[in-house]
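Since the structure is predicted, the reported quantities are computational estimates derived from the model, not experimental observations.
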Amino acid sequence: LVDYLLENHSLAPGLFRTPYSRVGTKDGLFRVCQAAQLSDADLSALQVNVYDVGEALLSFFAALPTPILSGDNITGIIDSISSNAPPSVEFVRTSLSAHLTPRARATLLHTATLIKRLDDDLALTGTNIDATKLISTFTKALFKPSNEPPSRRRLAFVAALCDCRTAFLS
């Protein structure tokens with residue numbers, strides 16, 4: 001899913017920031033989720049759009065029995081970082097290495113490359129509000145569900161994980 005999105009994200013303005021109900025195709029999420037179960041699925045042959053694949057990626061994180069960033073150790077570290085200064089990329093990566101399984105870490109880092117690419121595109125064409133929505137969307141997907149908006153600490157952690165701009169935090 002991430003590889004497809006990395007190759008095709010330019011076809012989907014507002015990816016992860018536009019409501020899927022307005023841009024998805026009929027049964028697109030269902031077709032992508034079925035195909036994603038196959039190791040050699042050709043997503044471009046499904047007659048779906050990039051938004052459907054983006055929604056499937058977020059659905060994948062939501063369907064995990066335990067969110068990737070939900071362990072007490074990692075959330076304790078994240079929730080104790082300064083809310084006035086974002087953590088360094090090195091601090092974030094070291095924390096992940098110490099507290100996540102290799103598979104979870106690899107999944108998260110691969111997804112971070114996508115978020116970084118989208119943030120780089122937003123730096124050229126978007127606004128800080130767009131960057132905030134992007135980081136917020138993924139922060140919500142990676143932590144335990146909550147009725148509260150993500151904390152500044154968690155937003156900063158995800159932004160640093162992806163090596164994204166953090167100007168929106170000031």
Leu155 versus Pro150, closest heavy-atom pair with distance: CD1-O, 3.9 Å
Backbone of Val23 reached by a side-chain donor or acceptor of Asn49 within 3.5 Å: yes
For Lys26, does its backbone N or O pair with a side-chain atom of Arg31 as donor and acceptor, under 3.5 Å? yes
Only counting residues at least two apart or in another chain, list the ones meeting side-chain contact (heavy atoms from CB on, under 4.5 Å) with Ser88. Glu90, Phe91
Val92 versus Pro87, closest heavy-atom pair with distance: CG2-CG, 3.9 Å
Report yes or no: do Phe30 and Leu5 belong to one cluster of Ile/Leu/Val/Met/Phe/Trp/Tyr joined by side chain heavy-atom distances under 4.5 Å? no
Nearest atoms (heavy-atom pairs only) where Leu6 meets Leu114: CD2-CA, 3.6 Å
For residues Leu1 and Leu43, report the shortest heavy-atom separation together with the two atoms involved. CD2-CD1, 3.9 Å
Could you go through the side chain to side chain contact (heavy atoms under 4.5 Å, CB included) check for Leu46 and Val53 one step at a time? CA-CA 10 Å; Leu46 294 178; Val53 179; over 6 Å; no
Can you get from Leu29 to Leu58 by hopping between Ile, Leu, Val, Met, Phe, Trp and Tyr side chains that sit under 4.5 Å apart? no
Let me confirm one number: the CG-CG distance from Leu69 to Leu96, rounded to the nearest 0.5 Å. 6.5 Å
Contact check, side chains of Gln47 and Thr25, non-hydrogen atoms, under 4.5 Å: no
In short, salt bridge (Lys or Arg N to Asp or Glu O under 4.0 Å) pairs touching residues 47-75 with sequence neighbours left out are none
Under the side-chain hydrogen bond (donor to acceptor under 3.5 Å, both in side chains) test, which residues partner His99, sequence neighbours left out? none
Is there a donor-acceptor pair under 3.5 Å between the side chain of His110 and the backbone N or O of Thr107? no
Tell me, please, which residues at least two apart from Arg93 pass side-chain contact (heavy atoms from CB on, under 4.5 Å). Val89, Leu109, Leu161
Contacts satisfying salt bridge (Lys or Arg N to Asp or Glu O under 4.0 Å) that involve residues 107-118 (not counting sequence neighbours) are Lys116-Asp120
Just to verify, what does Leu64 make a side-chain contact (heavy atoms from CB on, under 4.5 Å) with, not counting sequence neighbours? Phe60, Phe61, Ile68
Could you tell me whether the side chain of Tyr51 and the main chain of Ser21 form a donor-acceptor pair under 3.5 Å? no
How long is the straight-line distance from CD1 of Ile78 back to OG of Ser151, given to the nearest 0.5 Å? 8.5 Å
Residues at least two apart in sequence or cross-chain that pass side-chain contact (heavy atoms from CB on, under 4.5 Å) with Lys144, listed by chain then number, are Pro67, Ser70
Would you give the length of the straight line joining atom CD1 of Ile115 to atom OG1 of Thr137, rounded to the nearest 0.5 angstrom? 9.5 Å
Can you name the salt bridge (charged side-chain N to carboxylate O under 4.0 Å, His left out) partners of Asp3, sequence neighbours left out? none
Is there a side chain to side chain contact (heavy atoms under 4.5 Å, CB included) between Asp121 and Ser10? Walk through the geometry before answering. CA-CA 9 Å; Asp121 289 353; Ser10 63; 5.6 Å; no
Which residues pass the side-chain hydrogen bond (donor to acceptor under 3.5 Å, both in side chains) test with Asn84, sequence neighbours left out? none
Please round to the nearest 0.5 Å and tell me the distance separating atom CZ of Arg152 and atom OG1 of Thr139. 12.5 Å
What pairs of residues pass the ring pair (Phe, Tyr, Trp, His ring centres under 6.0 Å) test when at least one of them lies in residues 130-165, not counting sequence neighbours? Phe16-Phe138
From Arg105 CZ over to Ser95 OG, what is the distance, rounded to the nearest 0.5 angstrom? 11.5 Å
CG of Leu108 to SG of Cys162, rounded to nearest 0.5 Å, is 7.5 Å
Salt bridge (charged side-chain N to carboxylate O under 4.0 Å, His left out) with Arg154: which residues, sequence neighbours excluded? Asp79
